[in-house]
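A quick write-up on the structure given underneath.
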Amino acid sequence: MQEHQTIYFKDYTPSPYTVDTCLLEFIIEESSTRVENIMEIRRQNCDAKELRLDGEMFDLELIWVDDVLLDETMVRLEKNAIYIPLDRDYARIRVINRIYPDENTALEGLYRSGGIWCTQNEPEGFRRITYFIDRPDVMTKFTTKIIANREKCPVLLSNGNLRGTAILENGKHLALWEDPIPKPSYLFALVAGDLGSISDTYTTMSGKNIDLAIYCDHGNEDKCHHAMRSLKKSMEWDEYTYGREYDLEVYNIVAVDSFNMGAMENKGLNIFNSHYVLANEETATDNDFMGIESVIAHEYFHNWTGNRITCRNWFELTLKEGLTVFRDQCFSADMNSPLTQRLDDVRALRERQFVEDAGPTAHPIKPDHYMEINNFYTATVYEKGAEVIRMMHTVLGTERFRRAMDLYFDTFDGEAVGTEEFLWAMQSESVIDLSQFKRWYSQERTPTLNISSEYSQDSLELVLRIVQKIPKNTQNQEQLPYTLPLKIALLSESGEEFDLITSDCILLHGNTLWITDEVSEVRFSAISSAPKLSLNRHFSAPVIIECETIDYPFLMAHDSDGFVRYEAANRFGIETLEAMMAGSEVSERYIESYGALLRDTSMDPMFKSQVLEFPSITTLMQRQEMIDVPSIVNAQEKLKQILAQRYFSEFKHTIETLYAPSNTDIDGLSIANRALKNRLLGILMSLGDVSISRLCESHYYEALSMSDRLSALELLENYAPELAQGALADFYTRYSNQTLVMNKYFAVRASSRREGTLERVIALQEDFAYDVKVPNLVRSLIGSFARNPVAFYDESGEGFAFVADKVIEIDAFNPQIASGLVGAFKNYGRLSIPQKAQMGGALEQIKNHPNLSNNVYEIVSKILEVS
Ligand SMILES: [Zn+2]
């Protein structure tokens, strides 16, 4: 059994040495790459006597310290590091080593994807390239020389600005890149290969011209234009919103097919999973287009929040990720519909982060220990991290928040800092004391606000009693109450807002309660009639609200806050479904309220499609003490049928009105119309009516937009298997040579609720278009299956066993992707006795496998320990 070591935040100390400059030379050859690395080392702690350099998975050839060639007697070599005696303030270290990008299946460091050499170094990939002090608080000026065959690798890219090129003998050429801005090694990048590209320019607010380029496989250039437009919009937005300008002469983006993550913000040379770059109307859904816009923006915004100001250590990951997600969410809201964006943000938070926070792998947004930092690129660090920033934005207001950000940029530019420095900048501009607010960084789990109200007709007063219920953490320790902004309204019968007058609580911006205590009683005066409560408007705090006196139908019809309107419909849906699961008849009031929304012609179609959405299986599973997927699915399908029967003609009429098969535009209205049409068609399909199935089939064949076609395919697969056969075969024929579209095909098949899905998934692994070494394909086929509650939780237990086998198989060559799959087992503690035995067996099988990676071991042992 190998050792699995835990790393603690409390053990952090600054690096005893730093690297001021690093001169790299890569000679790329077919079977291996030679790396020469010359580092100027400076001692920062005068007591230090020995330099540790991280390095793994390469062959060391030669190493010098100030021109003295070292041999084995002069250094201490370990598996993942070299120790060199160094008792002086400056030294030049020169390393020559060799790496094997073709054999790098973990896709960390320098590897080859479809003939293209590329890098992924966050968090700890650089140590697989050469020896270095591979930690984010060591900031270095990098200069990179790349030498490769001219025909094989006409394109040679690295960070910074291009300083020169030259033709060499033997068919080779070189490029010299210089990055003038110091950066940590995780932001180093290199790309070499034969790539197509599109280019453009951007003039910054101070008049500098920046050359922009997006590189991709030849033949895909026409799919890069949406990404380029998104990049230019992002650059403009960051200037306008934060006064932040781009700082190099060039900005390059490269799309590669094999990539563990979504994208990477390497300085001046972003490397992207091609899923987040390539799109045209025929191959990408509306969601794909939105995703590209937001990920391009996210990586661009990192140039200031992440690259110029970086993290002191990996425990501080949310410093750059939470903040940058908040920035990309605001950008998307400004580019599209703010309400739609907010609903999407909240849905993603609750479906992924709330689930994580309630389970065995819960952790604070700033964790205090980890075994494998790759396991902490989580919804908690990213999405909850963004909500924490958003709460500060709400508390400070837009202007003060901007001033605090300016202070943060001005004070810490060029440094590696922590969340304490960020909070210092926020506090400097805040009139509210944020000291207790810091608990959001160190505590885990989602708090619940239990809210009750009492109205007095005599005194015209309303008392709100707000109780914070703070769950224990994963170590079963008590946690403390939070401070948080709770935006509310008190509504009259006609939907008018009463003025909020109280002296019991700080009121931010006139409508937001600043909650500081575990129990708060807030008395509002001059409320002329018993008000309706509108709570946590715009989702001002990432909490669960419990309140028995909320009038869902009223809020669905009258609330001016779109989030609360959506929330009321969603919560009413949850209550209705849970009552049905408990054996009650469906609520007539719910059916009527749903119909009222359906008939509301004044509503924005995108919002309407969101409001008419059903509570998801994940949401309902999350609320069950013991997971029972069939009862949820039965209730959902029954409710759909009841609605479809009651409103058949309205549904059908709306679908016909909205259907525009030749429209492939991606403007807001076209996207909204498709979303609403497909939502309603999905409800009608539950009837199993032949004419509706035929209608759906015609949408599959006629519609030119991928959103319509894919949505119809999913519905046929789940509701009309006899028609799905032909459509699936057609889809396969059309797109089998386009990996990005095949991801969708595999996902539809692995997400199917029909019987026999596991057998089909097993067979699809042999498909010509499938490749277990390509992360996107694994996520589409195996990942979709693991997220398919019906198939995964099948009573045979075979779903658990299958995913366990895949985790073990994939862990042997790509631990990061394997550990992502293990998350599927997080509900272990909430299963029936027979299912728990089945899943326990699968988890033990993984845990007992020899040579398990840290990545998988950490997640599996947490699930087994905590559950
Ligand atoms: Zn990021």
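In what follows, every heavy atom counts, from backbone to side chain, and hydrogens, waters and symmetry copies are set aside. On a predicted model such as this, the values are computed, not experimentally measured, just so you know. Remember, it's 1-based here, ligands and their atoms both numbered in the order they're listed.
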**OP:** Please determine if E122 and K320 form a salt bridge, counting it only when a charged side-chain N lies under 4.0 Å from a carboxylate O.
**Re:** yes
**OP:** Any chance you could measure S337, atom OG, to D344, atom CG, to the nearest 0.5 Å?
**Re:** 9.0 Å
**OP:** List in chain and number order the residues that pass side chain to side chain contact (heavy atoms under 4.5 Å, CB included) with T285, two or more places apart in sequence or in another chain; answer none if no residue qualifies.
**Re:**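 Side chain to side chain contact (heavy atoms under 4.5 Å, CB included) check on T285 returns N287, D288, M706, S707, L710, K744.
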Subject >> Residues in salt bridge (charged side-chain N to carboxylate O under 4.0 Å, His left out) contact with E321, at least two apart in sequence or another chain >> reply: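 Testing E321 for salt bridge (charged side-chain N to carboxylate O under 4.0 Å, His left out), a comparison that skips the adjacent residues, returns none.
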Original post:
Around the Zn ion (ligand 1), what protein N, O or S atoms are found below 2.8 Å?
Top reply: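 Listed by chain and number, the atoms are H298 NE2, H302 NE2, E321 OE1, E321 OE2.
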Original post:
Do K183's NZ or CZ and the ring of F188 fall within the cation-pi criteria of under 6.0 Å and 45°?
Top reply: no
**OP:** Sorted by first residue and then second, give each salt bridge (Lys or Arg N to Asp or Glu O under 4.0 Å) pair with at least one member in residues 369-390; sequence neighbours left out.
**Re:**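 Every pair satisfying salt bridge (Lys or Arg N to Asp or Glu O under 4.0 Å) with a residue in residues 369-390: R342-E387, D345-R390, R352-E383, D357-K384.
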